[in-house]
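Inspection log for the structure reproduced underneath, given as C-alpha cells.
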Amino acid sequence: MSFTWPLDPQDLFVERYPQMTLGLPADEVDAVRGAVTEMWPDRPGSWVYEWSALAARHAEAGRHRLAAQAYGWAKFPSLADEPKRTALARQVEQYALAAPGFPVEFERRTLTVPYRSGEATLPIHLIAAPGLPADAPVVLASGGVDSWKTDLHGMWEQLAFAVPVRLLLFDIVGTGETAHLPMTPDGGAEVIAGLVSFARTIGNGKVGHFGISMGGYYSARTGLTGAVDASVVLGGPVERSFAPGRGFAFGMDGIVGNALGFDAMPSTAEREDAFAAFGLRPLLDQDANGPMLVVNGTEDVHVPLEDTLVFEGRRDTQVELIPDTGHCAISRFDEAMAVIAPWLKDTLIG
C-alpha cells in the first residue's frame, strides 16, 4: 500500500541540502534543484525525472557510486508510486556495480527472520574495514523512514574505519527493501531481534545497535530492554514524538503515513491511533537498559528535544546535544561521529 500527497519539492531541498551534498557534488545538486518544479509526475521538471537523469549520466560514465547516490534521491522521500520503486531498483543495481570499488569489505545477503508467527525475508549488507578479524563485534545499523542503508553508505564507511566492528546494515520495516513489511513497533522489533540473533553468530557474540532517526526508535528499544551490548540513538523519537497533537514538517506526514502502511493520507485521528502504540514510556519506566548513547542536534524540527533529554540521569547512559544543528546533527555530523565512534569502541571493545 502507498500513496502520493501534496508536497513542494523545493521544501525538500531546503531541509536536505546538507545531506545531499555529503554524497554528491554541490554543483550537481544545485543543477537538479534549479530544474525541479514538481514532485510526483515522471516527466522533465519532476523530482524523480531530474534526479534519475543525473544518475543515468553517472551510470553511463561508469561512476556507479555517484549513480547510486543520485538514484537514492530520485526515489526519495518514499516509495509512493511506481517511478519511485523503479528508482530504488536502479539504485540497488548501481550500488552492486560500485561495490567492487568500495574501500571496505562488502557482502550483500538475504536473511530470513521470525516475523508474526511466520517468517520475513530482507536483504542486508555486511561491511568492515579490510582485514577485520572474524571474531570482531557486530553492530546493527539503519537509517530512518526516508534515508536507508544504501543512501548512507559513506557514513557506514566512516564508522567501519573508525571502529573495529563489522556493520550489519538493514532497512527498518516499512522502508526501502523492507517496505513490504508495515512499520509497527512490535513487528519492527521482532525483525531486529532476529537480526541480533544472527549477528551473535558471526562475530565474538557482542552486538551493538546504531539507529538513526526512526531507526533510533528501534535502537532505543533494544537499548532500554538490554537486548544488545551497546545502543546508539541518533535523533530517535521515543515518546513526545508520538504524542497527540504533534505537527509534521517537510512532508514527513506523508512519509510516515506510507511507512505505516496506509494507502491514502491518514487523518489526524488515524495517525494518532497508529502512533499510540509506539511510545516507549513503559520501557523508560524500567531499569533494564544496557549501555546507551543518545545524541541529537538542538534544532531538530522533527523530534522534540524532550525525546533526547528524557534519557538524562539514566544508569549507563550518556546524552550528547550538539548545538546549532538539526535532525540527527546532519550538518555537523563529524562532531556527532567524534562522540559515537569512540563510545562504541570503548563499550564493545574496551
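Keep in mind it's a predicted model, so treat the numbers as computed, not measured.
- Between Asp253 and Met265, some side-chain heavy-atom pair lies under the 4.5 Å cut-off.
- Taking both residues in full, the closest heavy atoms of Ala341 and Val163 are given as O-CG2, 3.4 Å, listed atom of the first, atom of the second, then distance.
- Side-chain contact check for Ile127 versus Glu105: every heavy-atom pair is 4.5 Å or farther apart.
- Counting only distance, with no hydrogens or angles, the side chain of Ser46 and the backbone of Trp40 share no donor-acceptor pair below 3.5 Å.
- Put simply, the side chain of Thr298 gets close to the backbone of Asp324: a donor and an acceptor are under 3.5 Å apart.
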Could you walk me through whether Leu309 and Leu321 satisfy the side-chain contact (heavy atoms from CB on, under 4.5 Å) test, starting with their C-alpha distance in whole Å, then the side-chain angles of each, then the deciding distance to 0.1 Å, before giving a yes or no?
CA-CA 9 Å; Leu309 295 178; Leu321 285 171; 3.6 Å; yes
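- Put simply, CZ on Arg240 and OG1 on Thr308 are 13.0 Å apart, with the number rounded to the nearest 0.5 Å.
- Of the possible polar contacts, one joining the Thr21 side chain to the Pro18 backbone as a donor-acceptor pair under 3.5 Å is found.
- The backbone N or O of Val232 sits less than 3.5 Å from a side-chain atom of Ser219, completing a donor-acceptor pair.
- Put simply, the side chain of Val191 reaches to within 4.5 Å of the side chain of Leu181, judged on heavy atoms.
- With Arg332 contributing its side chain and Pro323 its backbone, the two residues share a donor-acceptor pair below 3.5 Å.
- In the hydrophobic clustering of this structure, Met20 groups with Ile255; members are Ile, Leu, Val, Met, Phe, Trp, Tyr whose side-chain heavy atoms approach within less than 4.5 Å, directly or through other members.
- Remark: the Gln19 side chain and the Ser147 side chain contain an N/O donor-acceptor pair separated by less than 3.5 Å.
- If you look at Phe102 and Tyr95, their ring centroids are closer than 6.0 Å.
- Taking the ring centre of Trp148 as origin, the terminal cationic atom of Lys75 falls inside the region bounded by 6.0 Å and 45° from the ring axis.
- Between Leu159 and Met337 the shortest heavy-atom distance is CD1-SD, 3.7 Å.
- A salt bridge does not link Arg116 with Asp186: none of the charged nitrogens is closer than 4.0 Å to a carboxylate oxygen.
- Inspection of the Ser241 and Asp307 side chains reveals an N or O donor paired with an N or O acceptor under 3.5 Å.
- The closest side-chain donor-acceptor pair between Gln69 and His153, if any, does not fall under 3.5 angstrom.
- Using a 4.5 Å heavy-atom cutoff, the side chains of Gln318 and Val339 are in contact.
- A donor-acceptor pair is defined here as one N or O able to donate and one able to accept, closer than 3.5 Å; no such pair exists between the side chain of Thr178 and the backbone of Gly174.
- Counting non-hydrogen atoms of other residues, nucleotides and ligands closer than 6.0 Å to CZ of Arg200 gives a total above 12.
- Two residues are said to be in side-chain contact when any heavy atoms from C-beta on lie closer than 4.5 Å; Val295 and Val319 fail this criterion.
- Remark: side-chain polar atoms of Asp316 are not paired, donor with acceptor, to backbone N or O of Gly290 under 3.5 angstrom.
- Between the side chain of Asp42 and the backbone N or O of Pro83 there is no donor-acceptor pair closer than 3.5 Å.
- Hydrophobic clustering (side-chain heavy atoms under 4.5 Å, transitive across Ile, Leu, Val, Met, Phe, Trp, Tyr) groups Tyr218 together with Leu168.
- In this structure, CG in Leu224 is found 5.5 Å from CZ in Arg314, a value given to the nearest 0.5 Å.
- Neither side chain, Glu93 nor Gln91, offers a donor N or O lying under 3.5 Å from an acceptor on the other.
- Of all the heavy atoms in Trp5 and Pro77, the pair that sits closest is CH2-CG, 4.2 Å.
- If you take CG on Asn296 and CG on Leu305, they are separated by 8.0 Å, rounding to the nearest 0.5 Å.
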Check the pair His327 / Val303 against side-chain contact (heavy atoms from CB on, under 4.5 Å), numbers first and verdict last.
CA-CA 7 Å; His327 187 50; Val303 174; 3.6 Å; yes
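- Taking a cutoff of 4.0 Å between a charged side-chain nitrogen and a carboxylate oxygen, Arg281 and Glu306 do not qualify as a salt bridge.
- Between Glu38 and Arg43 there is a salt bridge, since a side-chain N of the basic residue sits under 4.0 Å from a carboxylate O of the acidic one.
- Val113 places a side-chain heavy atom less than 4.5 Å from the side chain of Leu122.
- A donor-acceptor pair under 3.5 Å is formed between the side chain of Tyr217 and the backbone N or O of Phe278.
- Ring to ring, Phe3 and Phe262 are not that close: their centroids are 6.0 angstrom or more apart.
- Rounding to the nearest 0.5 Å gives a distance of 7.5 Å between CD1 of Ile172 and CD1 of Ile192.
- Atom CG of Leu24 and atom CG of Asp30 lie 11.0 Å apart (nearest 0.5 Å).
- Side chains of His58 and His64 form no contact here, defined as non-hydrogen atoms less than 4.5 Å apart.
- Using cut-offs of 30° and 60° on the angle between ring planes, the pair Phe170 and His209 is tilted.
- In this structure, Ser52 contributes its side chain and Tyr49 its backbone to no donor-acceptor pair below 3.5 Å.
- No continuous path of hydrophobic side-chain contacts links Ile340 to Met292 [ILVMFWY only; heavy atoms under 4.5 Å].
- Val238 places a side-chain heavy atom less than 4.5 Å from the side chain of Val310.
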Evaluate Phe242 against Leu280 for side-chain contact (heavy atoms from CB on, under 4.5 Å), listing each step before the verdict.
CA-CA 9 Å; Phe242 306 116; Leu280 294 182; 5.7 Å; no
What's the verdict on salt bridge (charged side-chain N to carboxylate O under 4.0 Å, His left out) for Arg57 and Glu60, showing C-alpha distance, side-chain angles and the deciding distance?
CA-CA 5 Å; Arg57 291 194 294 272; Glu60 290 166 7; over 6 Å; no
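- Note on Met39: it clusters hydrophobically with Val32, by side-chain heavy-atom contacts below 4.5 Å among ILVMFWY residues.
- For the pair Thr347 and Ala230, the tightest heavy-atom approach, listed with the atom from each and the gap, is CG2-CB, 3.6 Å.
- Criterion: ILVMFWY side-chain heavy atoms under 4.5 Å apart, direct or through other members. Under it, Leu167 and Phe210 are part of a common hydrophobic cluster.
- Between Cys328 and Asp300, the shortest heavy-atom distance links the atoms N-OD2, 4.2 Å.
- Scanning all heavy atoms of the two residues, the minimum distance from Gly176 to Leu79 falls at O-CD1, 3.6 Å.
- Using modelled atom types and a 3.5 Å distance limit, the side chains of His302 and Ser213 yield no donor-acceptor pair.
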Please walk me through it: do Arg65 and Glu157 pass salt bridge (charged side-chain N to carboxylate O under 4.0 Å, His left out)?
CA-CA 13 Å; Arg65 181 164 177 167; Glu157 283 188 347; 3.0 Å; yes
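- One finds a salt bridge joining Arg315 and Asp287 here, because a Lys/Arg side-chain nitrogen approaches an Asp/Glu carboxylate oxygen to under 4.0 Å.
- Taking the centre of each ring, Phe13 and Trp47 come in below the 6.0 Å mark.
- Electrostatic pairing of Arg109 and Glu107 counts as a salt bridge here, judged by a charged N lying under 4.0 Å from a carboxylate O.
- With values rounded to the nearest 0.5 angstrom, Leu283 atom CG is found 10.0 Å from Asn289 atom CG.
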Evaluate the criterion side-chain contact (heavy atoms from CB on, under 4.5 Å) for residue pair Arg33 and Glu50; output intermediate values, then yes/no.
CA-CA 9 Å; Arg33 186 177 192 172; Glu50 298 298 341; over 6 Å; no
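- A salt bridge links Asp171 to Lys149: one of the charged nitrogens lies within less than 4.0 Å of a carboxylate oxygen.
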